[in-house]
Asker: 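I am attaching a structure below and will ask some questions about it afterwards.
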Amino acid sequence: MSKPVLNDRLVRWYLQFQQFKIVHIPQKAVKGQALADFLAVHPIPDDWELTDELPDEDAMVIEVQPPWKMYFDGAAHREGAGAGVVFVTSQGEVLPYSFTLTQHWTNNVAEYQALILGLKMAVDMRQLQLHIYGDSELVINRLLGSYEVKKPELRPYHGYAQKLIGWLGNVTLQHVPRKENKKADALSALASTLTLPGQTKITICQKWIVPPDENEDEESKLERLVAVAEFEKVDWRQTMID
């Protein structure tokens with residue numbers, strides 16, 4: 001409940017908790033308590049051989065992870081508006097997000113909407129180091145202080161974006177050409193195109209259908225099902241616990 005940005009469900013919970021006098025005291029040494037709880041649940045067997053010989057105990061390696069990258073883009077036209085956000089993790093994984101905006105505004109407002117949506121997700125994911133790239137020269141230069149925000153309708157979005165950037169900490173902003181922002185541009189265009197009258201909800205699912213083998217006899221099917229059932233009995237965490 002102490003998060004700076006609460007989603008709809010947490011807001012409803014917060015309002016319901018207002019009627020109770022709940023005092024939360026955070027537990028200290030959470031990491032140490034987690035280790036103690038783990039050892040209590042999984043005691044060491046009597047025949048376990050312990051050793052105090054730790055190789056390279058004087059060596060210490062600190063791996064510095066590169067910051068995440070975030071690309072954003074907004075699109076608005078007469079039929080609808082959309083926003084696209086693409087995260088690139090420190091391991092090079094690509095996380096694309098597409099949003100259909102429920103109100104029709106200008107392209108600048110759509111760009112701010114895309115940026116704010118990405119910043120809110122970064123805050124929730126606690127990505128304190130972030131490189132932000134956008135093809136909107138106006139939005140980027142306004143946040144960098146090079147341009148002044150003159151339109152009154154843009155000032156609330158600009159102030160909220162600055163507030164979110166302050167929560168993240170180490171954030172850099174850079175303007176890139178549209179050709180280097182293709183993924184976010186495509187996601188925003190897709191979301192704006194899928195806007196239908198009445199705000200019809202469109203769900204995009206990822207599936208892969210494996211058709212059954214028509215030549216497989218009933219006995220083979222039964223053996224396969226039994227093998228799957230026996231496999232599920234094995235606790236997949238046991239190797240890590242050991």
Side-chain angles (χ1 to χ4, degrees), residues 4-5 63-151 153-196 202-206:
V5 180
E63 183 179 0
V64 179
Q65 294 290 343
W68 283 29
K69 298 179 181 178
M70 188 190 86
Y71 297 84
F72 73 94
D73 191 30
H77 50 81
R78 184 179 302 177
E79 301 298 330
V85 179
V86 177
F87 286 99
V88 181
T89 67
S90 55
Q91 287 77 28
E93 300 174 349
V94 180
L95 308 176
Y97 297 91
S98 184
F99 303 90
T100 298
L101 303 180
T102 57
Q103 298 185 26
H104 293 179
W105 282 90
T106 61
N107 270 317
N108 285 334
V109 175
E111 292 282 357
Y112 272 111
Q113 287 282 336
L115 173 62
I116 291 173
L117 287 169
L119 291 174
K120 290 182 65 175
M121 287 189 292
V123 170
D124 291 337
M125 292 185 292
R126 303 183 185 276
Q127 291 301 323
L128 302 181
Q129 295 186 355
L130 192 66
H131 288 345
I132 301 176
Y133 302 91
D135 56 33
S136 175
E137 189 174 357
L138 288 175
V139 173
I140 296 296
N141 286 323
R142 284 167 182 164
L143 291 171
L144 292 175
S146 303
Y147 292 173
E148 183 181 356
V149 183
K150 296 182 178 180
K151 294 185 178 180
E153 63 271 17
L154 296 179
R155 290 174 183 170
Y157 300 104
H158 179 79
Y160 191 28
Q162 284 185 319
K163 188 176 182 179
L164 292 172
I165 291 175
W167 286 342
L168 289 174
N170 188 8
V171 175
T172 61
L173 298 107
Q174 182 178 345
H175 172 260
V176 294
R178 184 174 295 273
K179 63 180 180 180
E180 298 182 15
N181 199 28
K182 290 182 179 179
K183 291 185 175 66
D185 180 62
L187 291 173
S188 63
L190 172 65
S192 64
T193 305
L194 292 178
T195 305
L196 299 179
I202 300 175
T203 303
I204 300 177
C205 302
Q206 293 183 348

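The figures here come from the full heavy-atom set of this structure, side chains too, leaving out hydrogens, waters and symmetry mates.
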Asker: Verify side chain to side chain contact (heavy atoms under 4.5 Å, CB included) between Glu180 and Tyr71, making sure each step is shown before the conclusion.
Answerer: CA-CA 9 Å; Glu180 298 182 15; Tyr71 297 84; 5.7 Å; no
Asker: Give, for atom NZ of Lys151 and atom CG of Leu138, the distance between the pair rounded to the nearest 0.5 Å.
Answerer: 8.5 Å
Asker: Ignoring hydrogens and angles, write down the donor-acceptor pairs under 3.5 Å from the side chains of residues 108-124, residues two or more places apart or on other chains.
Answerer:
unit_1, atom_1, unit_2, atom_2, d
Glu111, OE1, Gly74, N, 3.4
Tyr112, OH, His158, ND1, 3.2
Asp124, OD1, Lys3, NZ, 3.4

Asker: Under the side-chain hydrogen bond (donor to acceptor under 3.5 Å, both in side chains) rule, collect the residues that match up with Arg155, sequence neighbours excluded.
Answerer: none
Asker: To the nearest 0.5 Å, tell me how far Arg142 CZ sits from Glu148 CD.
Answerer: 10.0 Å
Asker: At what distance, to the nearest 0.5 angstrom, does CG of Asp73 lie from NZ of Lys183?
Answerer: 13.5 Å
Asker: For the atom pair CD1 (Ile132) and NZ (Lys69), what is the distance rounded to the nearest 0.5 Å?
Answerer: 13.5 Å
Asker: Please report the interatomic distance CG(Leu168) to CH2(Trp68), rounded to the nearest 0.5 Å.
Answerer: 12.0 Å
Asker: For the pair Tyr97 and Phe99, name the ring-plane relationship: parallel under 30°, tilted 30 to 60°, perpendicular over 60°.
Answerer: parallel
Asker: When rounded to the nearest 0.5 angstrom, what distance separates NE2 in His175 from CG in Leu144?
Answerer: 11.0 Å
